[in-house]
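To start, the structure itself, in structure tokens.
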Amino acid sequence: MSFEVALAEGRLEEARSLLDDLARAPDKGGLRLPECYADLAKAFDVRGRHDDAIAALETAIEHGWGGRPDPRSDIAEFHLRAGRGEEAARIWAELKAEDPDDVWLYNAAGLSYSEVGNHAFAVQWLADGIEVAIRSGDPEGLVAQLSDVRRQSLAALGLELDELEQQADGFIAQWRDPRRAQPSWSEVSLGADQWLAAPEVGEEPRNGGADLAVAMAWFPAGEYEKAIERWGSLAEDWAGVAHADYCRRMDGHIKRMRTNGVHVRAVAPIVIEEFVKWCDERGEDPDGARAAYAADRYRLGNGVDWPPGRNEPCWCGSGRKYKKCCGLAQAAPMQAGSAT
């Protein structure tokens, strides 16, 4: 039995044993160990086996699992759900001291406290996150999300909206104002020109892109590996990048474009066999037709809406909640390196 099958069937002890054996193998069984141990941690957590989840995630970290916020934040969350609030608070306080400007940490802690009903702590963490995000100009586009969750916690405590929420309203309105200075379409799409369903040649999106619905071409797992093997131009940039990292880089690039006024609304999955047939019918070169294909798929309703809700399954198909998967990606150009 493979690790993937054992995990999918909920045979977690077998999955852990198989993964531990693979960790000692020279080729690691072809698996990406940090992600596998993180998946195992999630599965244990769903079962309420929080100590096993912590142990699995600690192993993932030992093998190089990273991201924003620091994955130790997930360990704090496991402790919180296990009823060990003091331990969770200690870890989050340490992470805050190490990186007080990591807005994702405030988001994670605040949302976790809100989900377990500790609204007083949620209000404070989310307030700190709003202040950090506003101070930095909110490149991640998180103020609206932080404010939304904080307002729910304020309501649960029977409290009125405060001055910070008024400040957040003003900031969000300004941040979304299409009249603010925007880069050109070509600047925003730099690094993703063959992935982005752009406007017609010579057309500049209105209001920096706010009124234009676009999609990003995307290879799902399985198709991604086939594409890299088939097209050398893809292999040059992506052969050494795992599918999960590729998805997070794409998520980060979409965030960057939306921050700059280009309204990406979906990702358009590319199935190699269908894509090649589509190119043949139109006389297109598959090596440079991804953007046109994405536009066509999106027009026909074959896109995956972006972004999903925080607690909804991630668009990439990993099975994780968006907030724990590609939602962690930083706003950054697609070719700028890992977005985790």
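What you are looking at is a predicted structure, and each value in this text was computed from that prediction instead of being measured. Count residues from 1 along the sequence.
Judged as a side chain to side chain donor-acceptor pair (under 3.5 Å), the pairs with a partner in residues 268-282 (not counting sequence neighbours) are, in order, W278-D296.
Applying the under-4.5 Å side-chain rule to Ile, Leu, Val, Met, Phe, Trp and Tyr, the cluster around V123 extends to L154, L157, L159, L161.
Applying the salt bridge (Lys or Arg N to Asp or Glu O under 4.0 Å) rule to R297 yields no partners; only residues at least two apart in sequence or on another chain are considered. Checked against side-chain contact (heavy atoms from CB on, under 4.5 Å), Q167 has the following partners two or more places apart in sequence or in another chain: I134, L164. Applying the side-chain contact (heavy atoms from CB on, under 4.5 Å) criterion to A156, with sequence neighbours excluded, gives H119. Under the rule for a salt bridge (Lys or Arg N to Asp or Glu O under 4.0 Å), the partners of E98 that lie at least two apart in sequence or sit in another chain are R72. Scanning for side-chain contact (heavy atoms from CB on, under 4.5 Å) contacts around A55 gives an empty result, with sequence neighbours left out. Partners of P220 by side-chain contact (heavy atoms from CB on, under 4.5 Å), not counting sequence neighbours, listed by chain and number: W218, E223, P269. By the salt bridge (Lys or Arg N to Asp or Glu O under 4.0 Å) test, D101 pairs with R135, sequence neighbours left out. When the side chain to side chain donor-acceptor pair (under 3.5 Å) test is applied to E87, the partners found at least two apart in sequence or on another chain are R90. Applying the ring-ring contact (aromatic ring centres under 6.0 Å, His included) criterion to Y37, with sequence neighbours excluded, gives H63. Every residue two or more places apart in sequence or in another chain that forms a salt bridge (Lys or Arg N to Asp or Glu O under 4.0 Å) with E13 is listed here: R16, R49.
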